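To keep things clear, I will list the structure first and then write my remarks on it.
Remember, it's a predicted structure, so these values are computed and weren't measured experimentally. These values consider heavy atoms only, across backbone and side chains, with no hydrogens, waters or symmetry-generated copies. One-based numbering, in listed order, for ligands and for the atoms of each. Positions are given from 1 along the sequence.
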Amino acid sequence: MTVLEDPPAPTAPEGVRNSNSNGGGGLVFIAMAGILIALVASVVVIGLIGLLRDGGNGDGGDGDGGNGGDGASGPTTIGVTLSEFAIDGNLSAMPGDVSLLVTNNGSQQHNVVVRETGAATPMLNAGENATLALDALEAGSYELFCNVAGHAESGMIAPLEITETPAPAGEAAGAGTHDHTSPDFDADAMDKLMMDSMLAFPAETEGVGNQILDPEILPDGTKQFELTAAITKWEVSPGVIVDAWSYNGIVPGPMIKVDVGDTVRVIFNNETPMASDIHWHGLPVPNDQDGVSPYTQDMVESGGSFTYEFTLEEPMIAMYHAHMHSQISVPNGMFAAFIVGENPIPHGETISGITIPEDLVLAEEIPMVLNDAGVIGLTLNGKSFPATAPMVLQEGEWASVHYYNEGLTAHPMHLHGFPQLVYAKDGIPLDQPYWADTINVAPGERYSVLFQGSIPGVWVWHCHILTHVESDEGLFGMATAVIVEEAAATTEEGAAEEPPTEDASAEG
Ligand SMILES: [Cu+2]
């Protein structure tokens, strides 16, 4: 590590420094401002002329594109918005040249494909837009869908009607559209969808992620693991089965747990269609085991294998995932937890007046891996509500959770009922743990928390970006619950423990 001594003092370029002290600066400024005002005025006039000439045609705004022509057959632009998981817009136009101005208002990648013609936008990242020109569309019914695996099945499908009498702007064009200001907007139906979705929790699905992977113990004590990456079916929520990119067929992949001092060997077999590698995110490994092709190793081609080996001398709450093509393979499922050694709980410490019991024994310790993109989408441990697993505690029991964010955006994870003690960040124990009810977990981060299920009830536990948990179809995505069951009888020993309390006004 090198230390910069006496770094040069920052200097501002000439002219940037205090322009008022510069002799003729004021006059120059007034002249420049005058030119600028003239330029802006001329642009506004040109813009107005353009608008008048277009007659308001082809506005392409959110949900009110439609056909502005009065019998004229000029090009029509329809505004189409994408979200998880819906395609919205006033999806009708008269026959002729039609353009779709597609905006991705979601948090994941989406695109739009016209099933009948095969025309498609490029894959759009969150916030991006693209124009899709559909030349000379004849009258008829067309279907728009997102071709990210699983998204059409989740609701990203909508009819596009090309007819001589298009629906007036604002009228919903199909079941997939929801204009909350429209007279057709059915609040009762949405109430029912919300109740039905919430009462379906917890729902059964095939497959459980984070299962602990048993090593083969070699004669020299090395713990050998085998991971095979392949495209395998994964049920994200009831009936929603996607083509996941998985390790050993589960999402998140198998959890690796080893002891401090262990030598670990991992045989990686790549059966995905693209080259890959494994990066041990948060583990101190030799450079040639860091899993970043081509800098530290050759890429592991489709059908190939690579063996990693390293000795772990420090406790760590880490994870592993593909590095090469990670923007495809990681959101699609190639991520998992890796834990070395003992959980660094601050036994016996008093934090903000609450003492963590010296003899605390955890009733539960789980990874909670967040994702928000790819075919897996908005999920906790590879499942979308109502298929997310609740944590069940008996009154007074303590639990520890390691949040991992393998997604593309941050998620503020909020637990109702009791605060969470953040005691480690990225696996590094904090000298000053702190209590919080919402913990914002950015991509790549890990936060380890501790909480006591001190009050019986169903306490929801969710990402607080509201569109990550609710859609017009009800609750979904990054939500689950801690269910605290009432103690059957009064316990003698638990009475001394002061349960953490939370200001009721902070509830949300
Ligand atoms: Cu979120």
Side-chain angles (χ1 to χ4, degrees), residues 81-86 104-110 124-128 146 148 150-151 154-156 194 197-198 201-202 209-210 236-237 240 242 244 251-252 281 319 321 326-327 330-333 335 337 366-391 401-417 419-420 422 425-426 436-449 451 459-482 506-508:
T81 56
L82 311 179
S83 59
E84 291 78 37
F85 292 96
N104 182 359
N105 282 346
S107 60
Q108 311 177 30
Q109 282 195 331
H110 300 293
L124 300 174
N125 291 321
E128 287 184 344
C146 171
V148 174
H151 286 197
S154 300
M156 296 192 69
M194 181 58 72
S197 66
M198 293 184 75
F201 175 75
N210 291 322
V236 172
S237 60
V240 178
V242 301
V251 181
H281 184 121
M319 55 195 186
H321 50 222
S326 57
Q327 57 101 4
V330 175
N332 285 347
F335 53 79
I366 62 161
M368 181 170 282
V369 187
L370 316 177
N371 190 12
D372 49 44
V375 297
I376 305 299
L378 293 158
T379 49
L380 305 175
N381 286 332
K383 300 286 177 176
S384 171
F385 186 93
T388 45
M391 176 185 280
V401 176
H402 307 295
Y403 293 110
Y404 294 79
N405 189 340
E406 289 277 16
L408 306 183
T409 191
H411 301 283
M413 294 303 298
H414 177 56
L415 172 61
H416 291 216
Q420 311 172 66
V422 182
K425 164 74 169 75
D426 298 337
D437 66 27
T438 306
I439 292 134
N440 198 32
V441 189
E445 288 189 318
R446 281 95 66 220
Y447 286 88
S448 297
V449 305
F451 57 82
W459 299 103
V460 292
W461 186 14
H462 59 95
C463 171
H464 218 293
I465 295 176
L466 304 178
T467 50
H468 291 182
V469 289
E470 281 188 345
S471 73
D472 288 357
E473 276 72 42
L475 202 69
F476 83 111
M478 310 182 81
T480 185
V482 175
E507 190 56 38

Practice item. Fit a plane to each ring of H416 and H414, take the angle between them on a 0 to 90° scale, and name the class: parallel (under 30°), tilted (30 to 60°) or perpendicular (over 60°). Key: tilted
Check your understanding: Under 30°, 30 to 60°, or over 60°: which ring-plane class applies to F201 and F385, parallel, tilted or perpendicular?
Key -> parallel
Check your understanding: Can you name the N, O or S atom of H411 that is closest to the Cu ion (ligand 1)?
Key -> ND1
Revision key, fill the gap. Here the N/O/S atom of H468 closest to the Cu ion (ligand 1) would be ND1
Revision key, fill the gap. With L380 as partner, the option from H462, H411, M368 fulfilling side-chain contact (heavy atoms from CB on, under 4.5 Å) is M368
Revision key, fill the gap. What one should report as the nearest heavy-atom pair of V330 and H321 is CG2-CB, 3.9 Å
Exercise for review: Specify whether an N/O/S atom of H464 falls short of 2.8 Å from the Cu ion (ligand 1).
Suggested key: no
